[in-house]
*Asks:* 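Handing you this structure, nothing more for now.
Just so it is clear, the structure is predicted and the values come from calculations on it, not from any experiment.
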Amino acid sequence: MMGDGGSSSGDGPSRGQVCHNRGMAKDSQAYVRAGRPRRATLRKARALLEALDEARMPVAMPGVHELARARERARTFLAVQVIPQLEALNAPVVVVLMGSSGVGKSALFNALAGDNLSPASGIRPTTREPVMLVNPNDVEAMAQHPVAAHVRVEVTHHAPQGIALVDSPSFDYSSPDLGKTARFLLDAAQVVVYVTTAHRYGDGVAWDTLAHVRQRSIPVCAVLNRVPGGTNGIAEQDFRKLWSAAGFAADSVVAVSEGELPVAFSRQPSAAAQSSRSSHRMGSHHRERRGSHHEPLKRVDHSLTWLMNWISVQVAHTPEELQAAHTPEEHSGRRKHRGGTQFQAFSQLHSDVETLANGLDSARNATIDLVDKAREGAAQPLEKLSVNIAMGRFGQGAPQVLWAALVAPGGALYRMPDARGRLLHRQLQATRDAQLTELFTVVLTSVEVALAQGLTTAQSNIDRMWKNDAVNVQEFLAQARSTVQVQALAASGAQHWKRDVAQIARGVQGVSWLGFPGLAGLIGVAASGVVGAAELARAHGAEQGVWKAREALAARVKEAMEALTAEYVNALSVVTVPESRILREALKEFSMAAQGD
């Protein structure tokens, strides 16, 4: 059964009927294959592929799956289509049969091959291993082709030379591995044959997949399989309308009657032919099939003849056609006729690479933003601690009570002599030193507690801000939490300040009524803000020491906050964002080399 837009003869559609389906993809393919090997373009293509290999998204963020898909498409286009064509001018064109499970892709594949090469049955899904049909003359060109590593290769003289026909797994396959293979093969396809049925052509997944295929501007036709008789072509007409609405040419559809493609292909090669088969390897394994008693185009019916002619026109696979398309005059004519846009088929590559580069920029900005948020989370508690230091608020509470007892009548500091030492109580020096040292220890405890509270607040702020970020930070948060030790940071800050105060005390002229421990204790207590301590220190020439001690305390608090922030920043150190500039430059150089050729 032929569709309304199909040819009425077995010769298939004319070039004029299908040329608009070829688009710029066909022109680009022929252009890439033309003439001498493009060594400069090949180098730039490999450099761009290497840049894409490095351009992995380092963080989980919105759109990361779409970016990974864009990277996968771009890599596949270069590795499977561009580079093989540049390396071998006679590399076959990859034609992929795509479609949902159970629509008859394998039956169609077997009918085109004239043999049961791909399992076809009523059990769904059937195609668990993709199969590629290759002509013996194309074996060498396909030996290192990336597609060969993903398929079982069947070599037969009945395969058209210049075409590698692939029976792909269903794109809606439930197996993740086969689903990934199906996506790879669709990305690798240079021509797509979409297979569906009169009962399945409304599948949404199929149309979404076709939309992505169409973005690549490659030739696509449809086989509407299992069209029931006696329905006046209603299903076919409806499908053609949907096909045209999706942006495809209405005359790139062929309808196949129900039962026209049997589940198992009945016409087997002769016994003599079977005995002549041999097995060898090409990338993945393949078998060579010879001597079938019918040529493939004589074995298939009218609709399949149309399909094979349509494919042949798309790939222009005969040596005569390739040679004609590669003359300078023909190339110049194409350039003028096409308006110099023979590389429009690469527009999807440009779009994918630019999308990925933008994604890398976003990832870099996201990590910078996380660092900024870590610092911002620590800024507020640090500011509060700094204000408390400047206002002398660490001396409030227990330190102030103890000081009051020391200066009260009977206390060690009661009527303590002034700088001239008018009162003779030198025998109390050891007691004064011990009391001031003990009081300074209480101040240090107060400082440590306040610093720990500030660090805890900073940690909570950072955790909250990171959790609210668009980037998935669970891994980084877990790493930071495992290394941040708030109490240790607070204790270390207090002890470092104690040593700072001792160093400051060494620069103050000795006071006869206090030993060195007592003087250091007085400076520290006064710096904490204990009322009365600063006046006593000023009276005995230690005022500058008090201000230096406050500055030192502010520096130690800031140091502790920066240490906490550093743990969060260090958790991000595993994130290495590739330079988007490298990716963009590689794309630019490849494009310039291709256009220069």
*Asks:* Working to the nearest 0.5 Å, report the span between CG of D167 and CG of N110.
*Replies:*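 That separation rounds to 7.5 Å.
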*Asks:* Can you name the one residue among T197, D203, T196 that meets side chain to side chain donor-acceptor pair (under 3.5 Å) with S100?
*Replies:*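 Passing option: D203.
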*Asks:* Are E154 and R152 close enough, and set up right, to give a salt bridge (Lys or Arg N to Asp or Glu O under 4.0 Å), and what steps lead you there?
*Replies:* CA-CA 7 Å; E154 295 284 356; R152 171 166 55 87; 2.4 Å; yes
*Asks:* Ring-plane angle category for F239 and Y201, please: parallel below 30°, perpendicular beyond 60°, tilted otherwise.
*Replies:*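 Ring orientation of F239 relative to Y201: perpendicular.
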*Asks:* I'd like to know if the side chain of H150 reaches the main chain of P146, judged simply by a donor and an acceptor atom lying under 3.5 Å from each other, with no hydrogens or angles considered.
*Replies:*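 The answer is yes, because a donor-acceptor pair under 3.5 Å joins these two groups.
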*Asks:* What is the minimum heavy-atom distance between A378 and T565, and which atoms define it?
*Replies:*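 Closest approach of A378 to T565, heavy atoms only: CB-OG1, 3.5 Å.
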*Asks:* Checking R364 against E579 for the salt bridge (Lys or Arg N to Asp or Glu O under 4.0 Å) test, could you report, in this order, the C-alpha distance in whole Å, the side-chain angles of both residues, the deciding distance, and whether it holds?
*Replies:* CA-CA 9 Å; R364 182 175 299 278; E579 289 281 352; 3.8 Å; yes
*Asks:* Check each of Y194, F248, W310 against C221 using the side-chain contact (heavy atoms from CB on, under 4.5 Å) test, and report the only one that passes.
*Replies:*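 Only match with C221 under side-chain contact (heavy atoms from CB on, under 4.5 Å): W310.
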*Asks:* Ring centroid separation for W466 and Y568, is it under 6.0 angstrom?
*Replies:*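 Yes - the distance between ring centres of W466 and Y568 falls below the 6.0 Å cut-off.
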*Asks:* Which atom pair, heavy atoms only, marks the closest approach of A189 to V96?
*Replies:*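 Closest heavy-atom pair between A189 and V96: CB-CG2, 3.5 Å.
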*Asks:* Does the salt bridge (Lys or Arg N to Asp or Glu O under 4.0 Å) test come out yes or no for R556 and E559, once each step is laid out?
*Replies:* CA-CA 5 Å; R556 293 303 180 184; E559 185 179 83; 3.1 Å; yes
*Asks:* Check whether any side-chain N or O of S244 sits under 3.5 Å from a backbone N or O of R240 as a donor-acceptor pair, and report yes or no.
*Replies:*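 Indeed, once roles are kept as given, a pair shorter than 3.5 Å links the two residues.
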*Asks:* Drop me the distance from R584's CZ to L356's CG, to the nearest 0.5 angstrom.
*Replies:*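 Reported value, rounded in 0.5 Å steps: 9.5 Å.
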*Asks:* Identify whether the distance between the nearest side-chain nitrogen and carboxylate oxygen of K373 and D463 falls below 4.0 Å.
*Replies:*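 No salt bridge links K373 with D463.
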*Asks:* Quick check: does any side chain N or O of Q190 sit under 3.5 Å from a backbone N or O of V94, one acting as donor and the other as acceptor?
*Replies:*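 Present.
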*Asks:* Donor-acceptor pair, H145 side chain versus V80 backbone, under 3.5 Å?
*Replies:*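 Confirmed, H145 side chain pairs with V80 backbone.
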*Asks:* If we check side-chain contact (heavy atoms from CB on, under 4.5 Å) with R200, which of these qualifies: V195, V103, L224?
*Replies:*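 One option only clears the test, and that one is V103.
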*Asks:* Check for a donor-acceptor pair, side chain of T483 on one end and backbone N or O of Q479 on the other, with a separation under 3.5 Å.
*Replies:*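 The answer is yes, because a donor-acceptor pair under 3.5 Å joins these two groups.
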*Asks:* I need the L133 CG to L112 CG distance, nearest 0.5 Å.
*Replies:*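 One finds 8.5 Å between CG of L133 and CG of L112.
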*Asks:* So which of L185, V192, L165, V166 actually passes side-chain contact (heavy atoms from CB on, under 4.5 Å) with L97?
*Replies:*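 Only one of L185, V192, L165, V166 forms a side-chain contact (heavy atoms from CB on, under 4.5 Å) with L97, namely L165.
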*Asks:* Please name the residue in the list R69, H212, R73 that meets the side chain to side chain donor-acceptor pair (under 3.5 Å) test with D187.
*Replies:*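 The option that passes is R69.
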*Asks:* Can you confirm whether N570 sits close enough to F476 that some side-chain heavy atom of one is under 4.5 Å from a side-chain heavy atom of the other?
*Replies:*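 Counting from C-beta outward, N570 and F476 never come under 4.5 Å.
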*Asks:* Within the structure provided, determine whether M61 and N472 are in side-chain contact (heavy-atom separation under 4.5 Å).
*Replies:*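 Not touching, per the 4.5 Å side-chain cut-off.
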*Asks:* Quick check: closest heavy atoms across L451 and V557, and the distance to 0.1 Å?
*Replies:*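 Shortest heavy-atom contact: CD1-CG1, 3.9 Å.
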*Asks:* For residues R71 and L52, report the shortest heavy-atom separation together with the two atoms involved.
*Replies:*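 Scanning both residues, the minimum pair turns out to be NE-O, 2.8 Å.
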*Asks:* From H199 NE2 over to R226 CZ, what is the distance, rounded to the nearest 0.5 angstrom?
*Replies:*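 Those atoms lie 9.0 Å apart.
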*Asks:* Using side-chain heavy atoms (C-beta onward) and a distance below 4.5 Å, is T156 in contact with N135?
*Replies:*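 They are not in side-chain contact.
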*Asks:* Taking atom OG1 of T367 and atom CG of D372, what is their separation to the nearest 0.5 Å?
*Replies:*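 CG of D372 is found 9.5 Å from OG1 of T367.
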*Asks:* Is P578 close to R56 at the side-chain level, that is, under 4.5 Å between some pair of heavy atoms?
*Replies:*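 No, side chains not in contact.
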*Asks:* Can you name the closest pair of heavy atoms from L117 and F109 and give their distance?
*Replies:*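 What the structure gives for the nearest pair is CB-CE2, 3.9 Å.
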*Asks:* Is it the case that over 12 heavy atoms from other parts of the model lie below 6.0 angstrom from the CZ atom of R214?
*Replies:*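 No, CZ of R214 has 12 or fewer neighbouring heavy atoms, counting only those of other groups under 6.0 Å.
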*Asks:* Could you tell me the separation between the CG atom of L78 and the CZ atom of R46, rounded to the nearest 0.5 Å?
*Replies:*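 That separation rounds to 12.0 Å.
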